[in-house]
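Notes to accompany the following structure.
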Number of protein chains: 2
Amino acid sequence: MGILRKTKNLETILDIFRQSNEALSANLLFERLHERMNRSTVYRLLERLEDDGILHSFASMDNVKFYALRQDCISSGDVHSHPHFQCTTCNQVVCLEQEVVFPTLNRMRIEEAQIFLKGQCNSCLSQ
Amino acid sequence: MGILRKTKNLETILDIFRQSNEALSANLLFERLHERMNRSTVYRLLERLEDDGILHSFASMDNVKFYALRQDCISSGDVHSHPHFQCTTCNQVVCLEQEVVFPTLNRMRIEEAQIFLKGQCNSCLSQ
DNA sequence: CAACTAATGCGACTATGTTGCAATAATAAA
DNA sequence: TTTATTATTGCAACATAGTCGCATTAGTTG
């Protein structure tokens with residue numbers, strides 16, 4: 001049902017996401033909070049923020065659920081998706097801006113699409 | 001280091017993959033074996049088959065690791081990948097044949113790419 | 001400033017996956 | 001064929017990611 005009350009924990013988590021454009025897993029977030037918030041609270045807030053459309057989530061290649069602030073999306077009949085990228089050097093996960101549009105493929109109805117890329121980010125490449 | 005000995009368990013698992021073109025998670029496989037193989041053996045065999053290039057793996061949207069027989073891949077300088085598809089009705093996961101080629105994106109070195117699609121498969125659509 | 005109840009912390013639990021170790025079985029050597 | 005070697009297996013304990021019920025705490029409303 002989403003968020004009904006503005007709590008300190010909620011603001012703390014939102015601040016962390018707003019301070020960088022990184023995507024974070026529940027555990028990375030938990031670490032950044034120096035474990036000052038209960039683990040289940042972290043999971044519940046992430047879920048609520050996603051229900052409210054403030055965050056969106058996706059699976060990393062290591063099968064970990066990541067969350068990031070939801071950007072405004074183009075809306076059209078086709079399914080679209082922006083890729084997610086993880087740097088193999090610094091491990092940061094970010095949303096890429098380019099939207100990818102999926103046309104209808106051979107007699108399947110595509111409803112959702114996820115693209116995950118791995119490689120080296122700009123700043124790690126230049127070091 | 002991959003596979004050194006042809007064991008019954010190994011053949012059993014390979015047979016299951018060969019009998020259908022589905023992708024399976026360790027747990028789905030474990031269920032199909034009617035739990036007649038140890039869970040850790042299943043995980044170890046999947047890992048070895050992947051090391052040997054007989055299977056390949058990818059993450060589903062629910063953060064579960066799936067394995068499927070590796071098809072012959074086009075080889076070129078660009079990173080390429082075939083999409084994986086899960087039907088939201090029958091839950092089957094399959095590899096799609098169309099290869100997607102990723103050109104180099106804005107100053108990042110892409111090394112690996114994963115596309116996961118969800119929707120309705122052909123056979124569920126026509127029922 | 002009460003009253004209401006969403007949100008929290010806690011602990012126990014589930015699911016997925018990993019590891020060390022002794023027993024077993026596939027393979028190579030005799 | 002028999003023996004020796006060691007990869008593979010099963011077992012149990014562990015690790016990590018995530019969920020849930022419940023009593024307590026703390027936003028919010030009147």
Side-chain angles (χ1 to χ4, degrees), chain A residues 1-17 22-68 84 86 91 93 114 116, chain B residues 1-17 22-68 84 86 91 93 114 116:
Chain A
M1 76 184 92
I3 282 146
L4 300 171
R5 293 184 185 179
K6 255 196 183 177
T7 64
K8 277 191 181 181
N9 286 339
L10 177 81
E11 288 304 319
T12 308
I13 286 185
L14 269 180
D15 280 348
I16 291 177
F17 278 105
E22 258 182 286
L24 297 168
S25 67
N27 274 318
L28 285 171
L29 196 52
F30 187 58
E31 281 170 25
R32 293 222 185 166
L33 292 162
H34 307 288
E35 315 196 356
R36 276 197 283 262
M37 195 182 299
N38 191 274
R39 192 179 283 277
S40 42
T41 303
V42 174
Y43 281 106
R44 285 190 277 227
L45 283 176
L46 288 172
E47 197 187 341
R48 286 178 212 161
L49 285 165
E50 187 176 18
D51 285 349
D52 268 27
I54 297 166
L55 298 180
H56 70 285
S57 74
F58 54 93
S60 78
M61 274 193 207
D62 314 311
N63 317 300
V64 175
K65 196 168 185 177
F66 274 78
Y67 290 86
H84 298 108
Q86 181 164 38
N91 284 316
V93 179
Q114 203 167 89
F116 198 89
Chain B
M1 75 185 95
I3 281 147
L4 300 172
R5 294 183 184 179
K6 254 194 185 179
T7 63
K8 277 192 181 180
N9 286 338
L10 178 80
E11 289 303 320
T12 307
I13 285 185
L14 269 180
D15 281 347
I16 292 178
F17 278 106
E22 257 182 286
L24 296 168
S25 66
N27 274 318
L28 285 170
L29 196 50
F30 187 58
E31 280 170 27
R32 292 220 188 167
L33 292 162
H34 306 287
E35 317 194 355
R36 276 196 282 261
M37 196 180 300
N38 191 275
R39 192 179 283 275
S40 43
T41 303
V42 174
Y43 280 107
R44 285 191 276 227
L45 284 177
L46 288 172
E47 197 187 341
R48 286 179 212 159
L49 285 164
E50 187 177 17
D51 284 351
D52 268 28
I54 296 166
L55 298 180
H56 70 284
S57 73
F58 54 93
S60 78
M61 273 193 209
D62 313 312
N63 318 299
V64 175
K65 195 169 184 175
F66 274 77
Y67 290 86
H84 299 109
Q86 180 165 39
N91 285 316
V93 179
Q114 206 169 87
F116 198 89

message: Given the structure, check if the side chain of A:Arg44 and the base of D:dG18 hold any donor-acceptor pair shorter than 3.5 Å.
response: no
query: What's the CZ-C1' distance between A:Phe30 and C:dT8, to the nearest Å?
result: 13 Å
- request: Give me the bend of the helix from C:dC1-D:dG30 to C:dA30-D:dT1, using the axes of the five pairs at each end, rounded to 10°.
  value: 40°
query: In whole angstrom, what separates A:Glu11's CD from C:dA7's P?
result: 13 Å
- prompt: How close or far is atom C1' of D:dA26 from atom CG of A:Asn38, stated in whole angstroms?
  reply: 16 Å
Short heteroatom pairs, N/O only, protein and nucleotides 22-26 of chain C, under 3.5 Å:
{"unit_1": "C:dA26", "atom_1": "N3", "unit_2": "B:Arg5", "atom_2": "NH1", "d": "3.1"}

field: Closest contact, heavy atoms only, B:Phe30 versus B:Asn38
entry: CE1-C, 4.2 Å
message: To the closest 0.5 Å, what do you measure between OG (B:Ser60) and CG (A:Asn63)?
response: 7.0 Å
query: Between atom CE in B:Met61 and atom C1' in D:dA17, what is the gap in whole Å?
result: 20 Å
Write out a two-atom table: protein N or O, nucleotide N or O from nucleotides 13-16 of chain C, distance below 3.5 Å.
{"unit_1": "C:dT16", "atom_1": "OP2", "unit_2": "B:Asn27", "atom_2": "ND2", "d": "2.6"}
{"unit_1": "C:dT16", "atom_1": "O5'", "unit_2": "B:Asn27", "atom_2": "ND2", "d": "3.1"}

field: Parallel, tilted or perpendicular, as decided by the 30° and 60° cut-offs, for the rings of A:Phe58 and A:Phe66
entry: parallel
query: Could you state the interatomic distance from OH (B:Tyr67) to CG (B:Leu46), rounded to the nearest 0.5 Å?
result: 5.0 Å
- prompt: Which pair of heavy atoms, one from B:Ala59 and one from A:Met61, lies closest together, and at what distance?
  reply: CB-O, 4.1 Å
query: Closest to the A:Thr41 side chain: D:dG10, C:dT8, D:dT9?
result: C:dT8
query: Measuring from B:Ile54:CD1 to B:Asp52:CG, what's the distance to the nearest 0.5 Å?
result: 4.5 Å
message: OP1 or OP2 of C:dT8 versus the side-chain N and O atoms of A:Asn9: is any pair under 4.0 Å?
response: yes
- prompt: Quick one: CG on A:Leu45 to CG on A:Leu10, what's the gap to the nearest 0.5 Å?
  reply: 6.0 Å
query: Checking salt bridge (charged side-chain N to carboxylate O under 4.0 Å, His left out) for the pair B:Lys65/B:Glu47: CA distance, chi angles, key distance, verdict?
result: CA-CA 11 Å; B:Lys65 195 169 184 175; B:Glu47 197 187 341; over 6 Å; no
query: For B:Val42 and B:Ala26, which heavy atoms make the closest approach, and how far apart are they?
result: CG1-O, 3.9 Å
statement: Rounded to whole Å, CG of B:Asp62 lies from P of D:dT19 at a distance of 11 Å
query: Could you give the distance from CG (A:Leu29) to OH (A:Tyr43), rounded to the nearest 0.5 Å?
result: 10.0 Å
Rounded distance in Å - CG (A:Leu45) to C1' (C:dG9): 12 Å
query: Between atom CD in B:Glu47 and atom C1' in D:dA7, what is the gap in whole Å?
result: 15 Å
- line: The reported gap from CD1 in A:Ile13 to CG in A:Leu55 (rounded to nearest 0.5 angstrom) is 8.5 Å
- request: Using a 4.0 Å heavy-atom cut-off across all strands, classify B:Ser25 as base, sugar-phosphate, or nothing.
  value: nothing
